[in-house]
Colleague: 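Before anything else, here's the structure in question.
Below, all heavy atoms of this structure are taken into account, side chains as well, without hydrogens, waters or symmetry copies. This chain uses plain numbering: 1 for the first residue, then up along the sequence. Note that this is a predicted model, so its numbers are computed, not measured.
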Amino acid sequence: MIKTPAYIHFVQPGLLSSIQDLGRFGMAVYGVPYSGVMDRFSMTQANYLLQNQFYDSVLEMGGPGAKMVFEMPTRVVFAGADADIYLNEKQVKAGKILDINEDDTIHVRKFRKGQWLYMGIQGGFESEIVAESRSWYPGITPQSRIEKSDSVCYLSEERFYPALGSHAKMNLNWFKHGEIKVFKGPEWDQLPKLTQNRIMKKSFTISTLVNRMAYQLEETIENEVEPILTAPVYPGTVQMTPNGNIIILMRDAQVTGGYPRILHVENNSLNILSQKRPGDKISFSI
C-alpha cells in the first residue's frame with residue numbers, strides 16, 4: 001500500500017495540544033524527563049481501535065480542544081476525556097473510527113469530564129524522533145505545543161476501506177472514582193504514625209496548580225521530615241514540601257528532587273489522576 005505524507009493544519013491549537021507517545025526511557029541519567037502521554041490507558045485504547053502499534057504517537061489535547069483540517073484521507077479515533085467532538089459540524093462519539101476525507105474538519109469543543117483527550121491516527125503521527133521518542137518536550141524537541149497555523153505530518157494511504165458502522169462503547173466514567181492506589185515512598189517511614197494516618201484517611205482536593213509536570217493538592221499536612229539530599233524521582237512520586245504541600249509528579253516531571261518522597265502512585269491510578277480537574281477530590285489507598 002502506497003503511503004503519502006500529508007498534513008493536519010491547525011486553525012485553532014486548543015489548550016496544551018501536543019504530539020506524545022509513551023515517552024523516553026533510559027534518559028534520566030542525562031537529566032531528560034520521561035514525558036509521554038499523561039493518560040496511557042486512553043492512548044492504548046485509541047491505538048488498539050485503529051490496529052496501530054501500542055506505542056504509536058497520538059495528539060494529546062487539554063480542553064477546549066483543537067480545530068483542524070486534514071489534507072488527505074486517513075482514519076482517526078478519540079479516547080480519554082468526555083468532550084464534544086465534531087466532524088464537519090456533525091457531532092461524533094469517542095471510540096468510533098472516523099473516516100477522514102480530503103479537506104475534512106474536526107473541531108473539539110467543550111470538555112464535559114476529564115482533563116486530557118487523545119486523537120489516534122492511522123499509523124501514528126510522523127513528528128521527529130528525538131532520543132527514541134516522538135513526544136514533544138520543551139528544550140528536547142523543536143516545539144512543545146501546537147500553535148495556531150501549525151501543521152503536523154501523518155501518512156495517508158492510497159485507499160481506505162470504509163470503517164464498520166459499529167463502534168466501541170467507551171466507558172467515560174472509568175476515571176470518576178477518587179481512590180488513588182499508592183505504594184510507600186522511601187521517606188514514608190520517617191513520618192510520625194499520626195501523620196501517616198492523617199494522609200491515608202484524608203480527602204484531598206486537586207488545586208489549580210496542575211500541569212504536565214505536577215499536580216498539587218490544596219490541603220496541607222504538617223511536615224516534620226527534614227529535606228533530603230537530591231534523589232531520583234519519577235512520574236507518580238508523591239512529595240511533601242517543608243510547608244506541608246503535597247505534590248504529585250506527572251509525566252514531564254524533573255528526574256531528581258529534594259523533597260521527601262512519601263508515596264508513589266501505582267501506574268493505573270496515575271492514568272486516573274491525570275484525568276482529574278481542579279476541584280476534584282481524591283484519597284490515597286495502600
Side-chain angles (χ1 to χ4, degrees), residues 20 22-23 34 36-46 48 60 62-63 78-83 94-95 111-118 168-223 225 233-241 244-253 257 259-286:
Q20 301 290 337
L22 290 176
Y34 286 88
V37 290
M38 293 285 282
D39 174 5
R40 290 182 177 177
F41 174 73
S42 295
M43 170 193 171
T44 302
Q45 280 187 316
Y48 179 81
E60 177 180 85
F78 288 87
D82 181 7
F111 276 42
R112 299 184 178 278
K113 289 182 287 188
Q115 187 82 346
W116 302 100
L117 178 70
Y118 296 89
K169 186 176 181 180
M170 290 287 194
N171 176 11
L172 299 176
N173 291 314
W174 65 271
F175 52 80
K176 183 177 180 180
H177 69 84
E179 181 182 342
I180 302 299
K181 295 182 179 180
V182 293
F183 306 105
K184 295 178 182 179
E187 285 71 56
W188 174 257
D189 288 334
Q190 296 181 28
L191 295 173
K193 289 294 183 182
L194 181 60
T195 302
Q196 292 178 358
N197 290 335
R198 285 176 179 167
I199 292 171
M200 299 311 300
K201 293 179 180 179
K202 192 173 183 61
S203 177
F204 292 94
T205 309
I206 304 294
S207 78
T208 56
L209 300 175
V210 296
N211 54 40
R212 285 185 48 87
M213 291 187 67
Y215 282 19
Q216 184 167 310
L217 307 181
E218 286 187 1
E219 295 79 9
T220 59
I221 297 289
E222 185 177 352
N223 183 8
V225 180
V233 293
Y234 307 91
T237 296
V238 182
Q239 295 180 301
M240 183 184 287
T241 69
N245 289 116
I246 294 179
I247 299 172
I248 307 173
L249 301 184
M250 303 302 284
R251 301 296 182 186
D252 279 0
Y259 296 141
R261 303 157 298 173
I262 59 172
L263 297 167
H264 193 89
V265 178
E266 181 264 346
N267 284 335
N268 290 331
S269 284
L270 193 59
N271 296 326
I272 293 170
L273 179 65
S274 73
Q275 291 290 1
K276 297 298 182 184
R277 291 179 169 185
D280 287 347
K281 297 286 187 179
I282 66 166
S283 59
F284 296 118
S285 171
I286 294 179

Colleague: Is the closest side-chain heavy-atom distance between Ile272 and Ile282 below 4.5 Å?
Modeller: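 No, their side chains stay 4.5 Å or more apart.
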Colleague: Locate the shortest heavy-atom distance separating His264 from Val238; write the atom from each residue and the value.
Modeller: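 That would be N-CG2, 4.3 Å.
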Colleague: Of all the heavy-atom pairs spanning Phe111 and Ala83, show the shortest one and how long it is.
Modeller: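 Answer, listing the atom of Phe111 first, then Ala83: CD1-CB, 3.8 Å.
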Colleague: What I want to find out is whether Arg251 reaches Glu60 closely enough, with some N-O distance under 4.0 Å, to be called a salt bridge.
Modeller: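 So Arg251 does not pair with Glu60 through a salt bridge.
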Colleague: Taking the side chain from Thr220 and the backbone from Gly244, do they hold a donor-acceptor pair closer than 3.5 Å?
Modeller: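 It does not hold such a pair.
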Colleague: Rounded to the nearest 0.5 Å, what separates atom CH2 in Trp116 from atom CE in Met43?
Modeller: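 Reported value, rounded in 0.5 Å steps: 15.0 Å.
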Colleague: Starting at NZ of Lys176, measure out to NZ of Lys113 and round the result to the nearest 0.5 Å.
Modeller: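 Here the interatomic distance stands at 6.5 Å.
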Colleague: Is any side-chain heavy atom of Glu266 closer than 4.5 Å to one of Phe183?
Modeller: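 Of all side-chain heavy-atom pairs linking Glu266 with Phe183, at least one is under 4.5 Å.
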Colleague: What are the two closest heavy atoms between Leu263 and Lys184, and how far apart are they?
Modeller: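 For Leu263 and Lys184, the tightest heavy-atom pair comes out as CD2-CA, 4.2 Å.
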Colleague: For Glu222, check side-chain hydrogen bond (donor to acceptor under 3.5 Å, both in side chains) against everything at least two apart and list the hits.
Modeller: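 Scan of Glu222 (side-chain hydrogen bond (donor to acceptor under 3.5 Å, both in side chains), adjacent residues dropped) gives none.
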Colleague: Ring pair (Phe, Tyr, Trp, His ring centres under 6.0 Å) with Phe41: which of Tyr118, Trp174, Tyr48?
Modeller: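 Single ring pair (Phe, Tyr, Trp, His ring centres under 6.0 Å) partner of Phe41 among Tyr118, Trp174, Tyr48: Trp174.
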Colleague: Take Ile199 and Trp188 through the side chain to side chain contact (heavy atoms under 4.5 Å, CB included) test and state the conclusion after the steps.
Modeller: CA-CA 11 Å; Ile199 292 171; Trp188 174 257; 4.1 Å; yes
Colleague: Quick test of your reading of the model: are Asp82 and Arg112 salt-bridged, counting only N-O distances below 4.0 Å?
Modeller: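 Looking at Arg112 together with Asp82, the answer is no, because their closest N to O distance does not fall below 4.0 Å.
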Colleague: What closest approach, in Å, do Leu270 and Leu249 show between heavy atoms, and which atom pair accounts for it?
Modeller: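 That would be CD1-O, 4.3 Å.
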Colleague: Whether the side chain of Glu187 engages the backbone of Gln190 through a donor-acceptor N/O pair (distance < 3.5 Å, no angle test) should be reported.
Modeller: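 Answer holds: no.
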Colleague: With a cut-off of 6.0 Å (strictly less than), are more than 12 heavy atoms of other residues, nucleotides or ligands near NZ of Lys281?
Modeller: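 Count over threshold, so yes.
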Colleague: Treating Gln275 as the side-chain partner and Gly80 as the backbone partner, does any N or O pair qualify as donor plus acceptor under 3.5 Å?
Modeller: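 Side chain of Gln275 to backbone of Gly80: no pair is present.
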Colleague: If we ignore angles and hydrogens, is there a donor and acceptor under 3.5 Å between the side chains of Ser274 and Gln115?
Modeller: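 The answer is no; no qualifying pair exists.
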Colleague: Quick one: closest heavy-atom pair of Pro260 and Val225, and the distance?
Modeller: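 Smallest heavy-atom distance, with atoms named: CG-CG1, 3.7 Å.
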